[in-house]
Structures are given as C-alpha cells and as structure tokens.
Protein chains: 2
Amino acid sequence: MTLDRIDRKILDILQRDGRIANADLADKVGLSASACLRRVRTLEEAGIIERYVALLDQRKLGRLMDVFVEISLTGQSQETLENFERAVARSSEIMECFLMAGDADYILHLTAEDPLDFERIHRDHLARLPGVLRMKSSFAIRPIVRRTAIPLDGGG
Amino acid sequence: MTLDRIDRKILDILQRDGRIANADLADKVGLSASACLRRVRTLEEAGIIERYVALLDQRKLGRLMDVFVEISLTGQSQETLENFERAVARSSEIMECFLMAGDADYILHLTAEDPLDFERIHRDHLARLPGVLRMKSSFAIRPIVRRTAIPLDGGG
DNA sequence: ACTGAAATCGCTAAAAC
DNA sequence: GTTTTAGCGATTTCAGT
C-alpha cells in the first residue's frame with residue numbers, strides 16, 4: 001500500500017486525536033466526509049491504523065514508578081526465546097518488551113505503584129519468566145516525555 | 001477524585017477501544033448512555049483520561065528500528081537538567097525519555113527507519129542535545145510487546 | 001447527588017453520480 | 001472524489017429515586 005500526502009496527514013491527525021469527528025478530519029485534509037472516511041477505513045483494513053485507545057494518566061492512577069529491566073537468558077535456543085516471549089506476552093504488567101542486540105537479551109519496561117507493588121510484580125511476574133539467567137532493574141525518577149505519535153512528515 | 005468499580009471498568013474499556021460508541025460502553029458497564037457519558041466527561045476533565053489517539057503500525061510505516069540511548073550529562077545542576085529536558089521535549093523523534101536512578105542519567109527510546117535514518121536522527125537530534133557527556137545506544141532486533149493499557153483490576 | 005428517559009441535534013455511512 | 005440522504009448515536013434537558 002502506498003500512502004500519499006493526504007493519507008499521511010490523516011494518520012498524523014488521528015495519532016494526535018483519535019476521536020476527531022470524521023467531518024472535522026475531512027475539513028482539515030481538504031476532502032469530503034465520505035472520501036475521507038473511505039481512506040480511513042482503507043488505512044484501518046491495511047493495519048496501518050492498528051487501533052484506537054484512550055491514554056490514561058498513570059500518575060493519577062497511582063502508578064508512580066517506571067522500571068526498566070535488562071534480562072539475560074540461560075540460552076539462545078529458539079525454544080528458550082519462544083517460551084520467554086510467550087510468558088512476557090501473557091503478563092499484563094509488562095508494558096514494553098524488546099529483543100535486543102548487545103549486552104542484554106531483552107529489555108522490559110513496566111510500571112508499578114510503589115516499591116511494594118514492584119515487589120509483587122517482581123515475585124508474581126518477573127520471577128516466573130522462564131529461562132532467565134540474570135535481571136538488572138533500573139528505576140526511573142521521573143518521566144520526561146511519553147509520545148505515541150510516529151513522525152510522519154514535517155516535525156521538530 | 002475517587003474511582004469506583006464502574007469508573008475503572010470504563011477506563012479499562014476505553015484504553016483498549018478508544019472509539020467505542022458511548023451507547024455500547026454504557027451497555028458494557030451497565031449504565032444508561034447519559035450516565036455513562038457524564039462519567040467519561042468527568043474522567044476527561046480530571047485529566048485521568050489524557051487523550052485519545054490512533055496507534056499506528058510503525059513497521060508498516062517503515063520504522064523498522066527501535067533504539068534505546070543511555071545518556072550521562074556533564075553535570076547535575078538544575079540548569080543542565082532543564083536545558084536537556086527542554087531540548088528532548090522539542091524533538092519529535094524521541095518517543096520516550098526518563099530521568100533515571102543508577103548508572104545513566106537519562107534513557108531515551110526512539111525509532112528509526114533504518115541505520116541511515118538513525119544516523120540522521122543522531123546528527124540532527126541526539127548530537128544537538130545540550131550537556132551530554134556520554135551516550136550509549138542499544139538496538140532492538142524485534143519488538144515483543146507494546147502495550148499502552150495500564151493494569152486496572154483483574155488482569156493476567 | 002446521581003441516575004434514567006426523552007427529545008434534539010449533528011454525524012456517520014451508504015447510495016447515486 | 002463529491003453530493004445527497006436516511007438513520008443512528010451523541011448530547012442536553014428534565015424528572016425520578
């Protein structure tokens with residue numbers, strides 16, 4: 001699928017305001033409402049728009065800690081990796097996980113309410129991940145930037 | 001503001017489907033449409049719901065690389081930190097940034113299309129950040145999990 | 001104070017072009 | 001891609017609990 005200037009503009013607006021009315025979106029990109037809606041549907045069906053979500057203020061919900069965990073596995077076999085990844089995908093506490101090049105095998109990003117809550121997560125989630133040789137946790141003091149918008153064209 | 005069971009249910013549904021029709025949301029939480037909408041507006045005004053966004057598939061948009069950058073600053077003065085943080089906030093290429101406890105001062109998470117694109121970002125964005133003593137970049141091979149939903153109650 | 005019901009208003013979505 | 005139109009959902013107002 002090939003994206004033209006208008007498609008990119010649609011995506012850029014939607015990733016900043018996922019609930020904009022189609023009529024307003026159409027205005028902003030200079031299209032009629034139906035033409036605009038057709039493009040949005042096409043982008044959805046192509047999977048370029050994955051989904052629409054509400055972003056919540058995690059601090060106001062009591063999640064004050066952000067923790068990054070570097071993980072080394074006991075081995076590099078396909079099976080070891082797959083077991084680990086499946087377990088990660090099942091844990092709702094793990095916000096992000098990447099297979100890494102370099103020192104660590106994986107990096108996890110998760111949030112906790114406080115140190116006690118992190119202990120719970122460590123015990124019930126992290127310690128149960130299979131094939132883990134070593135874990136190194138780093139704690140964030142304060143979030144500076146949290147962005148979900150992918151740069152699409154003209155941006156600082 | 002204090003959240004009851006229904007508020008949490010509303011939040012949990014909205015952070016998985018930010019475009020659900022209010023009538024359907026009302027059904028799922030067992031409220032009338034108007035009562036439900038009132039609660040949603042209250043949650044928005046309290047800032048617990050920060051915003052609604054479309055999540056895009058970054059791979060389908062050509063962003064194949066995820067990079068984590070650990071940063072140490074030349075000093076720890078208020079001014080050094082503030083200058084750095086302001087510059088980070090201005091860069092649309094930086095997806096996440098946290099002030100850290102431990103080894104590094106900051107950790108950045110950004111995406112790039114390919115190594116050449118990362119070079120551009122490094123040159124135009126990272127290298128221009130003020131007060132940086134040392135940077136260590138780690139590259140992701142593959143994203144395993146990307147989640148935006150904060151655990152609210154019953155979850156794996 | 002908070003909920004539910006009803007009426008209005010505006011938007012979505014599909015058809016025709 | 002645009003215009004038109006029917007139908008549905010959002011939003012507001014008002015009354016009940």
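None of these values were measured; they are calculated from a predicted model. Letters A, B, ... mirror the listed sequences (proteins, then strands); counts begin at 1.
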- prompt: To the nearest angstrom, how far is A:Tyr52 atom OH from C:dT12 atom C1'?
  reply: 13 Å
query: If you check the A:Arg39 side chain, which of C:dG4, D:dT11, D:dG1 turns out closest?
result: D:dG1
query: Roughly, in whole Å, what's the span from CD1 in A:Ile6 to P in D:dT2?
result: 8 Å
With B:Ile10, the side-chain contact (heavy atoms from CB on, under 4.5 Å) member among B:Leu152, B:Asp4, B:Thr42, B:Val29: B:Val29
message: How many whole angstroms separate atom CG of B:Asp24 from atom P of D:dG9?
response: 7 Å
Interatomic distance where CG belongs to B:Asp27 and P belongs to C:dA5 [whole Å]: 12 Å
- line: In whole angstroms, the gap separating P of D:dG9 from CG of B:Asn22 amounts to 11 Å
statement: DNA chain D nearest-nucleotide lookup for A:Arg19 and A:Ser32: closer to the 5′ end is A:Ser32
field: Length of the line joining B:Asp7:CG and C:dA1:C1', which is rounded to integer Å
entry: 14 Å
message: Distance criterion of 3.5 Å, no angle test: do you see the side chain of B:Ser34 paired donor-to-acceptor with the base of C:dT3?
response: no
field: Distance-minimising heavy-atom pair for B:Leu99 and B:Asp105
entry: CD1-O, 3.4 Å
field: d(CG, B:Leu37; P, D:dT12) in whole Å
entry: 8 Å
message: Side chains of B:Tyr52 and B:Gln15: any donor to acceptor distance under 3.5 Å?
response: no
- request: Verify the contact: side-chain N or O of B:Arg41 to OP1 or OP2 of D:dT11, cut-off strictly under 4.0 Å; return yes or no.
  value: yes
- prompt: OP1 or OP2 of C:dG4 sitting under 4.0 Å from any side-chain N/O of B:Arg38?
  reply: no
statement: With A:Tyr106 as partner, the option from A:Phe98, A:Phe84, A:Phe68 fulfilling ring pair (Phe, Tyr, Trp, His ring centres under 6.0 Å) is A:Phe84
task: Could you tell me the separation between the CZ atom of A:Arg5 and the P atom of D:dG1, rounded to a whole number of Å?
output: 15 Å
